[in-house]
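Have a look at the structure below, then the notes.
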Amino acid sequence: MGGWAVVACGAVLLTAPLFVAYVWICLRTYGGSLVAPLDGLVADPPRALRGLLAAAPRPTAAGFAIFGVWYLLQAALMLVLPGRAALGAITPAGHRLAYRVNGALAWLVTHVALGLAVFRWHWFRPTLVYEHWGGLFVAANVAGLLVAIAAYGKAHWAPTHADDLKFSGNALYDFFAGIELNPRIGRFDLKLFHIGRVGMVAWTVVNVSCAAQQYETLGRVTTSMLLVNVLQAVYVFDLFWREDWYVRTIDIQHDRFGFYLAWGSVAWLPFMYTLPAAYLAAHPVDLSPAAAGAILALGLAGYAIFLSANRQRDRFRRAGAHRYRIGGRDATFVPARYVSDDGQVHDTRLLTSGWWGLSRHPNYIGDVMMAVAFSLPCGVTHVLPYFYALYLPALLVHRALRDEARCRAKYGSAWDVYRAVVPARIVPGVW
Ligand code: NDP
């Protein structure tokens, strides 16, 4: 493991939680400006630091209680709700894991239950999450760290598949990137649970709470807030609706479960991906019908590309060695072969038609178009609500590079042939 990679992991471990807290302070105390707290730091550092500390999120009993109930509720729903059986991809050691995919039902039950708890039983206000954001932030960070520590310990002392562990030789890097591929307690999959339940279900719940907050302060919900809620709900629900596809994506198939995914799904995702709605809750924006229509069209066009590209690849792969047609024609492909760690030889195919004939990661294009559509409703006054739209391309570029290095190692010369047939990495003619 290179020294720079270890230093970078250490830096992310230390600074990422502080960065999220800083963004929260900017949003709540400095009117959404990312630089306003820094202005004060230059003029009068002690005073500005005192101001930052005074505005920082604090641990609260309510924050821990709400987070605890949320976590247990999601675990219970994942355990008890019925669902279809799905198979993951073959792991490097040759295992093929079975999943019960009940994410769509868990998402629906969660939202209906919260609706009943708010409007029928009056247990709490619809703005509960928004009001307890600071306490929830601290609770989510503590939980993300504890889960990462538990994942590290489990990999050493009670791994689910001892032959699927990956040690880098550096403890800090292992803690950050993870060691176990698919840690489980019995049939309970820890990775799918944290990303696909604790984090992803929270996304839309947080957004609705922000819309409720806007309604309380403004007396109405703006078109911009509706757009953010609807577009992001489409994106989130899509993942649950096609959860059997999700268990064969890089997150579940290749990434190990460490701080990056544990803290990332429990603390980073619910706070950073919801910034447009959180921003609009305090800074309402009224869009003209034409602007709203254009943003909706961009978001839906992105979704159509995202959906169709992911579907083509997944259906093609599921067809195995059988014929698969795209646009009325037989799909073209590059045959590839690889050997799993258990010595088994597997034959597979790399799709080169449809979206996959244009670029080696066409699904990322649709994803970025949607990310831009999530932020545009916030207007152009502040950068803060554009965080996701700026962060996602960086994440996907890094992901594409990582994925291609792994695929080259896995498929050897077949990957080179594929690259020659489909030269564009993401955007045809650009990269
Ligand atoms: P993909 O679902 O695109 O999977 C990449 C894998 O697909 C490769 O590792 C390879 O796996 C296989 N593959 C690559 N090329 C081909 C081909 N031509 N034909 C057949 N199989 C191929 O990647 P991701 O998991 O990164 O993305 C899934 C979706 O999730 C994307 O739409 C992405 O935009 C989205 N995403 C969203 C994020 C967010 O935070 N919002 C974060 C990350 C992803 P194998 O070893 O099986 O060959």
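Indexing begins at 1, ligand by ligand and atom by atom, following the structure's order. Only a predicted model underlies this, so the values are computations on that prediction, with no experimental measurement involved.
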Partner residues of Phe237 under the ring-ring contact (aromatic ring centres under 6.0 Å, His included) criterion, sequence neighbours left out: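 For Phe237, the residues satisfying ring-ring contact (aromatic ring centres under 6.0 Å, His included) (neighbours in sequence not counted) are Trp107, Trp241.
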Can the ring centres of [X] and [Y] be said to be less than 6.0 Å apart?
X	Y	value
Tyr303	Tyr235	no
Tyr130	Trp133	no
Trp268	Phe387	yes

Pairs flagged by side-chain hydrogen bond (donor to acceptor under 3.5 Å, both in side chains) wherever residues 271-283 is involved - sequence neighbours left out: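 Non-adjacent pairs meeting side-chain hydrogen bond (donor to acceptor under 3.5 Å, both in side chains): zero.
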Amino acids contacting ligand 1, non-hydrogen cut-off under 4.0 Å: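 Ligand 1 pocket, heavy atoms under 4.0 Å: Tyr235, Trp245, Thr249, Ile250, Gln253, His254, Tyr273, Phe306, Asn310, Arg313, Arg317, Arg349, Leu350, Leu351, Trp356, Asn363, Tyr364, Asp367, Tyr388, Leu392, Leu395, Arg399, Asp403, Arg406, Cys407, Lys410, Tyr411, Tyr418.
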Who pairs with Arg28 by salt bridge (charged side-chain N to carboxylate O under 4.0 Å, His left out), at least two apart in sequence or on another chain?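 So Arg28 forms no salt bridge (charged side-chain N to carboxylate O under 4.0 Å, His left out) with any residue.
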